[in-house]
Amino acid sequence: MELKLYNTLTRKKAPFVPIDANNVRMYACGPTVYDFAHIGNARPVIVFDVLYRLLRHIYGVGHVKYVRNITDVDDKINARAAEEYPDLELNAAVAEVTAKTTKQFHEDIAALGVLPPDVEPTCTSHIPQMVEMIKVLIAKGNAYEAEGHVLLDTASVPDYGSLSGRSLDEMIAGARVEVAPYKRNPSDSVMWKPSDDSLPGWPSPWGRGRPGWHIECSAMAKEHLGEVFDIHGGGIDLTFPHHENELAQSRCAHDTDVMANVWMHNGFLQVEGDKMSKSLGNFVTINELLADWPGEVLRYNMLRSHYRQPIDWTVKGLEESAKTLAGFYGGEDFSKAEKSFAPPVLEALSDDMNTPAVMTALHQLAHSDDRPALVSSLRALGFAGDLTDPRASGVDEAAIQQRIDQRLAARAAKDFAEADRIRDELAAQGIALKDGPEGTTWELVR
RNA sequence: GGCUGGGUAGCAAAAGGUCACUGCGCCGGAGUGCAUAUCCGGAAAUCCAGGUUCAAGUCCUGGCCCAGCCUCCA
């Protein structure tokens with residue numbers, strides 16, 4: 001089965017041909033670790049996890065290398081560190097913030113069924129590689145030093161703007177921000193900036209400073225995947241300026257036509273129809289959602305939409321996802337099921353990761369009563385069959401079971417008034433009883 | 001203003017050609033002491049205008065509307 005992927009570089013869907021089928025390489029931009037990851041951050045993590053699983057299925061587990069970085073140098077981190085740990089020396093405070101946030105990120109996404117990448121490089125451990133690349137870019141005339149900064153000379157890059165589809169001219173015309181006076185062109189991006197003693201910094205030929213945002217991914221990708229690799233992914237908002245600058249730097253430094261052959265971008269996420277923003281008060285973190293919903297429900301809900309489409313994240317959608325998954329699982333023990341994609345599932349995934357079509361295929365498997373194919377496909381997609389309600393941790397299950405038994409006894413004695421009274425009493429506690437052929441079960445109402 | 005995507009039933013979400021997929025919701029029936037669960041059946045949609053094609057929801061052009069980017073926010 002041929003894998004087709006949509007490539008932002010060409011704006012077309014095309015068959016995926018790896019550079020080396022024995023070593024398929026992909027890079028995805030990871031989080032800046034200064035705060036809890038929100039559900040929008042979870043989207044690329046889940047989407048590229050599915051791609052990783054698919055590539056491992058096609059090319060073999062040992063033949064795919066997935067790199068997802070941690071950005072642990074950033075002025076937002078510095079600000080957060082100063083705010084949260086005013087008594088600590090800044091570097092120590094920064095280390096606290098990045099360590100704590102990284103740990104939280106790992107816990108949150110593990111609950112979403114996400115596999116760890118093969119390499120998770122941090123910015124702070126790749127400073128020498130960045131400095132080296134900047135030196136090369138200066139030597140080649142693609143970067144210049146100005147007032148302690150080093151900037152990418154975007155005018156020196158022949159087809160700068162080709163990824164995002166914009167020209168230098170229109171960017172200058174449309175610029176709405178005040179341009180720093182030391183920039184030759186408004187679009188020139190900072191690769192290195194000076195740090196005073198109050199900020200984290202590293203020695204460099206241009207003085208003590210810290211890297212700009214884009215150079216980190218150029219340097220880390222080179223370090224772990226080489227000069228040219230197969231797939232680069234991230235959120236659509238990163239297309240410009242982040243990826244545009246990143247690939248310009250890498251191509252100039254390495255004299256290559258491309259940095260990655262295929263560039264993939266996931267669409268944005270809205271919450272209940274609105275843009276997610278702190279000012280609207282609808283900023284929702286993965287961690288908060290995990291207090292109310294099984295992680296697998298969040299994962300399923302994310303994959304119901306095609307990754308390039310915008311997704312409207314709603315409670316109603318989560319309820320539907322929970323109901324659908326419960327129907328798929330049917331109390332089955334997933335632990336000893338194998339992981340493999342059933343043909344119709346693989347076919348849907350191979351068409352530019354058409355996960356909505358995957359869902360249709362799963363429903364058809366469910367209707368066909370082919371339980372093994374359904375369960376193994378779900379496992380291969382990263383679902384472990386665990387719908388434990390996180391809200392149930394404070395519930396006294398034994399007491400509920402006792403009331404259920406009492407109600408069953410009342411029903412057996414045809415004391416329906418008492419039976420209904422018990423059912424109403426539990427309902428008032430948010431517990432819904434479900435009588436079925438196998439007996440009575442209960443669940444927490446939403 | 002420029003660039004890039006998207007507009008399919010009440011909601012979500014597929015598809016160049018059969019009775020146009022699927023789920024939730026809704027309606028009817030079966031089911032239970034009743035209510036759930038569960039099962040059976042049903043109603044319901046392609047933003048507008050051109051074009052290409054034997055055939056367009058799908059491809060192309062324009063319009064309208066929505067979103068993202070141009071503000072180191074995934």
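Every chain is numbered from 1, with letters handed out A, B, ... down the list of sequences.
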Closest to side chain of A:D435, choosing from B:rG23, B:rG5, B:rA35: B:rA35
Report the relative orientation of the aromatic rings in A:H149 and A:Y182; use parallel for angles under 30°, tilted for 30 to 60°, perpendicular for over 60°. parallel
When the distance from CD of A:E438 to P of B:rC39 is rounded to whole Å, what number comes out? 13 Å
Considering only heavy side-chain atoms of A:T360, the closest of B:rA13, B:rA37, B:rC21 is B:rC21
Among B:rA74, B:rC72, B:rA13, the nucleotide that comes nearest once only the side chain of A:P44 is considered: B:rA74
Do we count A:F268 as stacking onto B:rA74 if the rule is ring centres under 5.5 Å and planes under 30°? yes
Measure CG/A:L374 against C1'/B:rG23 and give the value in whole Å, please. 14 Å
Rounded to whole Å, the CZ-P distance (A:F416 to B:rU32) equals 12 Å
Using the C1' atom on both, measure B:rC47 against B:rC34 and round to a whole Å. 47 Å
Have a look at A:G40 and say if it touches a base, only the backbone sugar-phosphate, or nothing, with a 4.0 Å heavy-atom cut-off. base
Taking atom C1' in both B:rA9 and B:rA43, compute the distance separating them and give it to the nearest angstrom. 10 Å
Near A:K193 NZ, under 6.0 Å, is it more than 12 heavy atoms from other residues, nucleotides or ligands? yes
Does the A:N266 side chain pair with the main chain of A:Y307, one donor and one acceptor, at a distance under 3.5 Å? no
Rounded to whole Å, please give me the gap between NE2 in A:H243 and P in B:rA74. 11 Å
Could you tell me if the ring centre of A:H224 sits under 6.0 Å from that of A:H126? yes
Would you please classify the geometry between the A:F328 ring and the A:H363 ring as parallel, tilted or perpendicular, with 30° and 60° separating the classes? tilted
Classify A:Q270 by what it touches in the nucleic acid, base, sugar-phosphate, or nothing, heavy-atom distance under 4.0 Å. sugar-phosphate
Separation of A:E443 atom CD from B:rA35 atom P, in whole Å? 19 Å
Output yes when a side-chain donor or acceptor of A:N185 lies under 3.5 Å from a complementary backbone atom of A:D188, and no otherwise. no
With a 4.0 Å limit, can you tell me whether A:K434 has a side-chain N or O closer than that to the phosphate oxygens OP1/OP2 of B:rA35? no
If I pick the P atom on B:rC69 and the same atom on B:rU46, what distance separates them, to the nearest angstrom? 32 Å
Using ring centroids (six-membered ring only for Trp), state whether A:F383 and A:Y329 fall under 6.0 Å. no
Of all the choices, B:rC72, B:rA14, B:rA15, which nucleotide is nearest to the side chain of A:H306 once you look at every atom? B:rA14
Pairwise P distance, B:rU53 and B:rA45 [rounded to whole Å]: 31 Å
Assign each of A:H363 and A:H214 to its nearest nucleotide of RNA chain B by heavy atoms, then name whichever residue's nucleotide is nearer the 5' end. A:H363
Side chain of A:P356 only, heavy atoms from C-beta on: which candidate in B:rG5, B:rA14, B:rA35 is closest? B:rA14
Kindly say whether, by distance alone, the side chain of A:R423 makes a donor-acceptor pair under 3.5 Å with the base of B:rC34? yes
Between B:rG23 and A:E320, counting only base atoms on the nucleotide and side-chain atoms on the residue, is there a donor-acceptor pair under 3.5 Å? yes
For A:L433, report the nucleic acid contact type (base, sugar-phosphate, nothing); a contact means any heavy atom under 4.0 Å. base
Measure the distance from CG on A:L163 to C1' on B:rC69 and round it to the nearest whole Å. 12 Å
Which whole-number value in Å describes the distance from A:R11 CZ to B:rC59 P? 16 Å
It should be established whether A:S305 places a side-chain nitrogen or oxygen under 4.0 Å from OP1 or OP2 of nucleotide B:rA13. yes
B:rG68, OP1 or OP2 - any side-chain N/O from A:N266 closer than 4.0 Å? no
Between B:rG5, B:rU36, B:rA74, spot the one nearest the side chain of A:Y6, thanks. B:rG5
When rounded to the nearest Å, what value does the distance between C1' atoms of B:rA55 and B:rA15 take? 15 Å
Please pick, from B:rA35, B:rA15, B:rC72, the nucleotide with the shortest atom-to-atom distance to any side-chain atom of A:N354. B:rA15
What's the closest nucleotide to the side chain of A:F240 if the choices are B:rG10, B:rC69, B:rG6? B:rC69
P spacing across the pair B:rA12 / B:rA67, given as an integer number of angstrom: 15 Å
Between C1' on B:rC66 and CD1 on A:I311, what's the gap in Å once rounded to a whole number? 17 Å
